[in-house]
Amino acid sequence: MHSLILISTILIVAIWSCLTEEPTKTNLCIEKPERYGKEGREGPPGPKGDKGETGRPADMHRITELEEEIQTLKLSVSNLGKRMPFTYWSRYGQKMFATKNDTLIFKEGIKLCKEANGEIAMPVSAGENDALWQFVKLTGGAYLGVNDMKIEGQYEDFNTGNPVMFTNWRSGEPNDHQSEEDCSEMKSDGTWNDLWCKWSRAIICQFKLI
Ligand code: MMA
Ligand code: CA
Ligand code: CA
């Protein structure tokens, strides 16, 4: 009986010293991992998880709407880039007039406006003519879209190919001076004159907002 109590006591002390580990660790203790040992290497990847829930069906109508919106934004950004060289801007209604203040022959002016995804200035009302005139006061004589290149005496809008409805010819104009004037300009007083297409004039482009 006494020896049983003794053995039990020894075992309890041994187990207790193993659990507390320090400082009375005996060689009876089962080997345990070090408390501050280095981290082991990463194990192999686990098995594949369960399939997720089925997503909501794609809203094709919304996607189409967004695609259209992206196209519009792309065009705006592209136009902004192309129009950066234009230094002077003026807005009238749904039309913007802009110039880089360079003088070019008619053909080159058309090219310049086209490259910026715009058109050569062509006022279609007294209001637009006035707005453009404010610009021409600064730039000097500027080309207009109106021309009679196709048929002498039949004045068309270069941008649309349609006959012009609104005109503001200076008195005595258009006179087709020396039978070679098929382009036209706005003079510094806001009136129009037909002139030779090879003269250099200020180039004002127009950009429609809608
Ligand atoms: C005159 C007049 C115009 C013509 C220009 C050409 C100065 O104005 O005849 O109609 O277009 O000359 O230089
Ligand atoms: Ca003419
Ligand atoms: Ca003339």
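Indexing begins at 1, ligand by ligand and atom by atom, following the structure's order. All figures in this text were calculated on a predicted structure; none of them were measured in a lab. Reckoned from all heavy atoms, side chains included, excluding hydrogens, waters and symmetry mates.
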Check your understanding: Which residue owns the protein heavy atom closest to atom 10 (O) of ligand 1, what's the atom, and how far is it?
Key -> Glu173 OE2, 2.5 Å
Exercise for review: Establish, yes or no, whether a centroid distance under 6.0 Å links the rings of Phe135 and Tyr92.
Suggested key: no
Check your understanding: Can you tell me the angle formed at the Ca ion (ligand 3) by OD1 of Asn175 and OE1 of Glu181, to 10°?
Key -> 70°
Check your understanding: Roughly how far, to the nearest 0.5 Å, is CZ of Arg201 from CD1 of Ile105?
Key -> 12.5 Å
**Study point:** Centroid-centroid distance, Tyr155 to Trp192, less than 6.0 Å
**Key:** no
Practice item. Among the N/O/S atoms of Glu173, select the one at the shortest distance from the Ca ion (ligand 3) and name it. Key: OE1
Point to revise | N, O or S atom of Asp194 closer to the Ca ion (ligand 3) than 3.0 Å | key: yes
Exercise for review: May I ask you to check whether Asp148 and Gln154 show a side-chain donor-acceptor distance below 3.5 Å?
Suggested key: no
**Study point:** 4.0 Å protein heavy-atom contact status of atom 1 (C) of ligand 1, strictly under
**Key:** no
Review point. What's the verdict on side chain to side chain contact (heavy atoms under 4.5 Å, CB included) for Thr103 and Trp199, showing C-alpha distance, side-chain angles and the deciding distance?
Key: CA-CA 9 Å; Thr103 55; Trp199 292 126; over 6 Å; no
Exercise for review: Compare every heavy atom of Ala116 with every heavy atom of Arg83, then report the nearest pair and how far apart it is.
Suggested key: NE-O, 2.9 Å
Exercise for review: Looking only at protein heavy atoms, identify the closest one to atom 12 (O) of ligand 1 and say how far it is in Å.
Suggested key: His177 CD2, 4.6 Å
Point to revise | Per-atom contacts of ligand 1 with Asp194, taking only distances under 4.0 Å to non-hydrogen atoms | key: 11 (O)
Review point. To the nearest 10°, how many degrees is the angle Glu152 OE2 to the Ca ion (ligand 2) to Asp176 OD1?
Key: 90°
Exercise for review: Any chance you could lay out the side chain to side chain contact (heavy atoms under 4.5 Å, CB included) test for Glu152 and Asp182, step after step, and finish with the verdict?
Suggested key: CA-CA 8 Å; Glu152 179 53 43; Asp182 295 341; 3.1 Å; yes
Check your understanding: If you look at Asp182, which of its N/O/S atoms is nearest to the Ca ion (ligand 2)?
Key -> OD1
Point to revise | Nearest neighbour in protein (non-hydrogen) for atom 9 (O) of ligand 1 | key: Asn175 ND2, 3.2 Å
Exercise for review: Look at Glu180 together with Lys198 and state whether they make a salt bridge at an N to O cut-off of under 4.0 Å.
Suggested key: no
Review point. Which residue holds the protein heavy atom closest to atom 6 (C) of ligand 1, what is that atom called, and what is the gap in Å?
Key: Glu181 OE2, 3.3 Å
